[in-house]
Amino acid sequence: MAGARKLTVDDTSVQIEETWRVFRIMAEFIDGFEFMSKIERAVSIFGSSQLKSQDKYCKTAEKIAYLLAKEGYAIITGAGPAIMEAANKGARKAKGKSVGLNIHLPLVQAPNKYIDTMLEFRYFFVRKVMFVKYAKAFVIMPGGFGTFDEFFESLTLIQTRRIDKFPVILVGSDYWRGLLEWLHATVLKRKCIKASDLSLFSVIDEPQEVVAAIKKFYTVGKH
């Protein structure tokens, strides 16, 4: 055909690489589904990897995980340090299931020592599916961009009815206050969200109340 461009060796190499990427993604999904399907009830806990172990939020995460594990929930984290390590530690102390979903990063993230079962991922989006699909609730501790990502993605999936509503709990009202004020004063005021969207999550400070809210969700009404 006149004007048609012939494929070069470089073009073919790119196509082969892209094809193999699809297979690697499929393999991660299969491994993840097989691994996570053995966990019956779980709560995903998210938060900063930068905080010191003595930070009050690390202590809170440990207590929440401990109490949830005592209620029979497995605890899922991103396998890293700080908040994630504290949550896995709490699960371990309660003799519950402590699960880590680690991610391969340019700066190596060594999994924390309190994980009993771990799965490693190359792709963030595959890992995120596992957090959502196999969790009965999200507990969002103070954190950075990755934590914000998990928080807002869970709200988007619920808002658009791609998944059923489940408890999404922000812990640390003092940390999240600025974000909440902005959502009300700017985002809601400009009608970029509805008032009902702000009911898709709750803000709780006390570990016992976090556990109570999750239990209530699954005992009141049909969920």
Side-chain angles (χ1 to χ4, degrees), residues 35-36 38-103 105 107-121 127-128 130-132 134-151 154 166-177 179-180 201-218:
F35 177 85
M36 298 297 292
K38 300 171 186 176
I39 300 172
E40 295 180 359
R41 292 196 310 161
V43 172
S44 294
I45 298 181
F46 303 96
S48 175
S49 63
Q50 304 301 315
L51 299 178
K52 303 297 183 184
S53 61
Q54 295 304 310
D55 188 278
K56 68 175 183 178
Y57 290 121
C58 286
K59 296 296 184 183
T60 301
E62 181 180 337
K63 182 66 172 179
I64 291 171
Y66 177 88
L67 293 173
L68 286 170
K70 284 294 187 182
E71 293 291 334
Y73 288 97
I75 300 301
I76 305 173
T77 79
I83 293 290
M84 294 172 278
E85 180 171 335
N88 288 127
K89 181 179 180 181
R92 171 79 66 82
K93 287 177 67 175
K95 295 180 171 58
K97 292 181 180 178
S98 180
V99 181
L101 303 183
N102 199 27
I103 186 75
L105 298 171
L107 297 175
V108 178
Q109 173 179 280
N112 70 70
K113 63 183 179 181
Y114 298 105
I115 297 167
D116 297 321
T117 53
M118 186 181 73
L119 191 62
E120 293 194 311
F121 293 87
R127 179 176 178 247
K128 288 163 71 175
M130 304 306 152
F131 278 127
V132 173
Y134 295 98
K136 296 293 186 181
F138 273 15
V139 174
I140 314 289
M141 304 295 300
F145 290 155
T147 304
F148 303 158
D149 181 40
E150 299 291 355
F151 172 55
S154 66
F166 70 106
V168 179
I169 301 171
L170 291 177
V171 177
S173 56
D174 55 343
Y175 183 85
W176 298 108
R177 184 173 294 113
L179 174 63
L180 298 175
F201 64 93
S202 55
V203 185
I204 302 175
D205 286 307
E206 296 301 321
Q208 294 84 352
E209 293 178 12
V210 171
V211 178
I214 294 172
K215 290 177 64 178
K216 181 180 179 180
F217 182 88
Y218 288 104

| Ile169 CD1 to Ile45 CD1 distance, which is reported to the nearest 0.5 Å | 10.0 Å
| message | Would the distance check show the side chain of Tyr57 and the main-chain N or O of Ser48 forming a donor-acceptor pair, the cut-off being under 3.5 Å? | response | no
| Lys97 versus Thr117: any side-chain heavy-atom pair under 4.5 Å? | no
| query | Which is it for Leu180 and Leu170 under the side-chain contact (heavy atoms from CB on, under 4.5 Å) test, yes or no, and what are the steps along the way? | reply | CA-CA 10 Å; Leu180 298 175; Leu170 291 177; 4.1 Å; yes
| task | State, with a plain yes or no, whether a side-chain heavy atom of Tyr134 is found less than 4.5 Å away from one of Ile39. | result | no
| query | Looking only at heavy atoms, which two atoms of Ala79 and Asn88 are closest? And how far apart? | reply | CA-OD1, 4.4 Å
| With a 4.5 Å limit on heavy-atom distance, are the side chains of Val210 and Thr60 in contact? | no
| query | Any side-chain heavy atom of Asp174 within less than 4.5 Å of one from Lys56? | reply | yes
| said: side-chain contact (heavy atoms from CB on, under 4.5 Å), that's the test. Do Met130 and Phe35 meet it? Break it down for me. | reply: CA-CA 10 Å; Met130 304 306 152; Phe35 177 85; over 6 Å; no
| field | Spatial distance of atom CG (Leu67) from atom CD (Glu206) [nearest 0.5 Å] | value | 11.0 Å
| field | Asp116 side chain to Ser98 side chain, donor-acceptor N/O pair below 3.5 angstrom | value | no
| request: Count the heavy atoms of every other residue, nucleotide or ligand shown that sit under 6.0 Å from CD of Gln208, and state whether that count exceeds 12. | output: yes
| task | To the nearest 0.5 Å, tell me how far Met84 CE sits from Ile75 CD1. | result | 14.5 Å
| message | Restricting to non-hydrogen atoms, name the atom on Pro167 and the atom on Lys136 that form the minimum distance, rounded to 0.1 Å. | response | CD-O, 3.2 Å
| query | Rounded to the nearest 0.5 Å, what separation is found between the CG atom of Asp55 and the CE atom of Met141? | reply | 8.5 Å
| query | Between Phe151 and Phe46, is the ring centre distance below 6.0 Å? | reply | no
| Student check: side-chain heavy atoms of Phe131 and Phe138 closer than 4.5 Å | yes
| Can you find a heavy atom in the side chain of Ile140 that is under 4.5 Å from one in the side chain of Trp176? | yes
| task | State, yes or no, whether a side-chain contact exists between Gln54 and Lys59 at a heavy-atom distance under 4.5 Å. | result | yes
| To the nearest 0.5 Å, how far apart are CG in Asn112 and CG in Asn102? | 9.0 Å
| note | Heavy-atom closest pair (Ala61 atom, Ala86 atom, distance to 0.1 Å) is CB-CB, 4.2 Å
| message | Quick check: closest heavy atoms across Ser49 and Ala82, and the distance to 0.1 Å? | response | C-CB, 3.5 Å
| field | Donor-acceptor under 3.5 Å (Tyr114 side chain, Lys93 main chain) | value | no
| message | Other residues, nucleotides and ligands only: do more than 12 of their heavy atoms fall within 6.0 Å of NZ on Lys128? | response | yes
| Is the backbone N or O of Ser173 less than 3.5 Å from a side-chain atom of Asp205, with the two atoms forming a donor-acceptor pair by type? | yes
| Atom pair CD/CD1 of Glu120 and Ile103 - distance to nearest 0.5 Å | 9.5 Å
| Taking the side chain from Ser44 and the backbone from Ala135, do they hold a donor-acceptor pair closer than 3.5 Å? | no
| What are the two closest non-hydrogen atoms of Ala69 and Ala94, and how far apart are they? | CB-CB, 3.6 Å
